[in-house]
K.L.:
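Handing you a structure now.
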Amino acid sequence: MRLLSRLCLPTGLFGLWLVTAPVFAQQATTKPAATPPKTTTAPAASKAAPSSSKTTTTASPSTKPTATPTKTAAPAKTTTTPAATTSGSKAATTAPTTKASSAPATSSTKAGATTTPTTTPAKPAAPRPAAPAKPQPPLPANLGSSDPNMRYQNGKTLIDQGRYDLALQELLPITPPAMQFVRGPEAAYLYAVAASRAKKWAEAEQMLNLLRTEYSKWPGLSDALFLQGQVSFEQSDADNALQTLTEIPAGQLETERAAMKATYLPRVKDKVLFQSLVQKYPQDAAVARTYAGKLITDGWYTDADKAQLDQLITQFSLDRTRYTPRPKAAKKSSYNVAVLLPFEFADKSWETRRKNQFVTDLYAGLRLAQDSLQREGRPVQLFAYDTGADTTQLKQILALPELASMDMIIGPIYKSGSKLLARYAQQRQIICINPLSQDGDLVLDNGWHYLFEPSTTTQAKQTAQFAFNTFTSRTAVVLYEGTKDETAFGQAYKTTYEALGGKVQTLRRIDSETDESLPASLADVDLKTAGHLVVASDSRKIGPYILKLLQTQNLRVPIITEASWLDNPRVSLGQLDARDVYFIHPKYLDRTAPGVRRFRQLYMQQQNLPPSVFAFTGFELLYYFGQQLHQYGPNFQQNLAASGPVSGALFQGIGYPAGAHDNQYVPFTKLEHLELEVLNPVGLR
């Protein structure tokens, strides 16, 4: 049985448990070609509205970064040909005389102005035949048998096959002591294993509690305690996890316990919580070593921590040279910010430029924020680097000595590059901000990496809290699509809502793109007794189906869903207004707010087109974190953790309280008389 306890651990624990393309960045020039236009005006400083200035900088990967004020070219006159520099800086290419374009192309290129390719397209390779689908193993015989031994064997087989939900159904009836099944303890343990592998942590914990209380004499109890330690860690209850692990008899699973602590303790991001763990477990070397490491590498250290750090080094014989804090970075009058984005200047095709429009928009928003900060006396210099579409150019950029001198890094976009930069930022102790990702896994175990967006898991947790506070009925039905993000949302919602005291009656995966799937998936779902319905799907088919289903059944159950429903042409605003439909709306913008209106006006003056959500994102990101740099210096993690969400310059709010590394504020909106209202404004959460 011990082997099974280890199988549910995360991957990595016990094995279960510029080639030749130019790197973009160069010194600012008088008239750089293909540049997102530098602002000459910007929103007013009040409410962080963009403001005007004449600060525009780019960086060279082959020279020490410099910043030169400049005025950019008009947005409509774009080119795809690299421009020569006036400062003598050479672009980093294999040919030393080749110079790179100094900024991304503007978004207002006239129709017909694209460059005609001069090379003959390569003949496409013949498509490879698709690999045959791997056949699913047959289901065990006699599922739902009245013979407990048969159900027990079926449960083991289903776990081996990865069919965890079926395993739970098969094992649950034979776990209660009233069944007097001789293998009841083993069945309960296997149930907890299956629930853990399915990441149904609440179900796993409930069964493990039953196992510990009702089968306290079971010889395999150490394995159950070990698994419960992991379950507690996964539910962010490090205190209970450590307490549970201490109950395992001495000499048992020592190596495994140490590995589990090494995996999960670095994920504790709240310094105050970690200090309490150090006090409660003063003899735990893993706790002491991880906390000392966080003081040094995660920016937690202050002068007040000196005595405790010295005591930990002495008590646990830690390497003093490794755990000696670096001198605190001094505050400066101006800060250097690297921007690592896939501009893809080497590819001049119209298709690539159109595909990368969001990158151009994002960068243009950053430039507007730079101008606003400059006007307020908080200058930042932007140094843009073209990471390309893969990690090859990014690796070249990370090898540049000048990058280590940056005070903050923004980017990159893609997940593989984000992982590379996260490691670099932690090693060099430079805060990096991912502008678009909602993958919370990217910022695990790294005190120098932040997401500008709220992660999918955070959105689920905040939604569950909102529902618990809003609805008097404590029952819910949760539907989610089969994507990674929406699956994570559904599971996190259930865990959080039930931890608060609610009950998710049904947690159901759906496939909205298959016409036959929706009726089949919802045929046995009881919506009449549900206090509210959560739909984690942006499919254009799900909204009309759900609304019609509720109308057919004459039900008024409240719905919580994604804001994309508002843009669904198959659903009218009148339909949404007539029902209690609540929207998870991280990117909500109040178009009537003065700052938003001013930003839109200035952006259109500079770019000749309305700003996209990416332009708004670029501005908000740099304006917020640029303020943090000037207020606290480049190591601002603790100051960020000590403050709650605040109103954004353009968006509704932003904040990283209690050591969070993704934005913890998620707006919820609802239509009232066809006008969207924010139901949880900052300050009223």
K.L.:
With rounding to the nearest 0.5 Å, note down the distance linking CD in Glu256 to CG in Leu245.
P.N.:
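Here the rounded value is 11.0 Å.
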K.L.:
What distance do Glu453 atom CD and Asp439 atom CG have between them, rounded to the nearest 0.5 Å?
P.N.:
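Between atom CD of Glu453 and atom CG of Asp439 there are 12.5 Å.
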K.L.:
Looking at residues at least two apart in the chain, or sitting in another chain, which of them share a salt bridge (Lys or Arg N to Asp or Glu O under 4.0 Å) with Lys269?
P.N.:
none
K.L.:
Please check if any side-chain donor atom of Asp390 sits under 3.5 Å from a side-chain acceptor atom of Tyr414, or the reverse.
P.N.:
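Note: Asp390 and Tyr414 side chains miss the donor-acceptor criterion.
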K.L.:
What do the steps show when you test Glu486 against Thr483 for side chain to side chain donor-acceptor pair (under 3.5 Å), and what is the final call?
P.N.:
CA-CA 5 Å; Glu486 286 160 339; Thr483 66; 2.9 Å; yes
K.L.:
Regarding Asp160 and Lys156, does a basic nitrogen lie under 4.0 Å from an acidic carboxylate oxygen?
P.N.:
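No.
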K.L.:
Using side-chain contact (heavy atoms from CB on, under 4.5 Å) as the criterion, list what pairs up with Val278, not counting sequence neighbours.
P.N.:
Phe274, Val287, Tyr291, Gln308, Leu312
K.L.:
For residues Gln465 and Asn469, is any side-chain donor paired with an opposing acceptor at under 3.5 Å?
P.N.:
yes
K.L.:
Tyr450 and side chain to side chain contact (heavy atoms under 4.5 Å, CB included): which single residue from Asn663, Ile433, Asp662, Asn434 fits?
P.N.:
Ile433
K.L.:
Using a strict 4.0 Å threshold on nitrogen-to-oxygen distance, state whether Arg257 and Glu254 make a salt bridge.
P.N.:
yes
K.L.:
Side chains of Gln228 and Glu205 only: does a donor on one sit below 3.5 Å from an acceptor on the other?
P.N.:
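Note: Gln228 and Glu205 side chains miss the donor-acceptor criterion.
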K.L.:
Give, for atom CG of Leu398 and atom CG of Leu340, the distance between the pair rounded to the nearest 0.5 Å.
P.N.:
6.5 Å
K.L.:
Can Glu170 and Asn154 be counted as having a side-chain donor-acceptor contact under 3.5 angstrom?
P.N.:
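Short answer, yes.
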K.L.:
How about Thr314 and Gln311: does a side-chain donor come under 3.5 Å of a side-chain acceptor?
P.N.:
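No.
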K.L.:
Between Thr617 and Lys587, do the side chains contain an N or O donor and an N or O acceptor separated by less than 3.5 Å?
P.N.:
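Side-chain D/A pair, Thr617 to Lys587: present.
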K.L.:
Only one of Arg267, Gln426, Arg423, His661 clears side chain to side chain contact (heavy atoms under 4.5 Å, CB included) with Asn446; which?
P.N.:
Gln426
K.L.:
Is a salt bridge present between Lys200 and Glu234, judged by a nitrogen-to-oxygen distance below 4.0 Å?
P.N.:
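Here Lys200 does not pair with Glu234 in a salt bridge, since their nearest N and O are not under 4.0 Å apart.
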K.L.:
Below 4.0 angstrom, N of the basic side chain to O of the carboxylate: do Lys419 and Asp441 qualify?
P.N.:
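A salt bridge is absent here (no side-chain N lies under 4.0 Å from a carboxylate O).
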K.L.:
Can you sort out the partners of Arg378 under side-chain hydrogen bond (donor to acceptor under 3.5 Å, both in side chains), two or more places apart, ordered by chain and number?
P.N.:
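Checked Arg378 against side-chain hydrogen bond (donor to acceptor under 3.5 Å, both in side chains); zero matches.
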K.L.:
Once rounded to the nearest 0.5 Å, what's the spacing between atom OG of Ser222 and atom CG of Leu253?
P.N.:
6.0 Å
K.L.:
Does a donor on one side chain sit under 3.5 Å from an acceptor on the other, for Thr458 and Ser455?
P.N.:
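Yes, side-chain donor-acceptor contact under 3.5 Å.
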K.L.:
Could you tell me the separation between the CD1 atom of Ile410 and the OH atom of Tyr385, rounded to the nearest 0.5 Å?
P.N.:
13.0 Å
K.L.:
Do Arg322 and Ile296 come within less than 4.5 Å of each other through their side chains, counting heavy atoms only?
P.N.:
no
K.L.:
Shortest non-hydrogen contact from Val478 to Val504?
P.N.:
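It is CG2-CG1, 3.9 Å.
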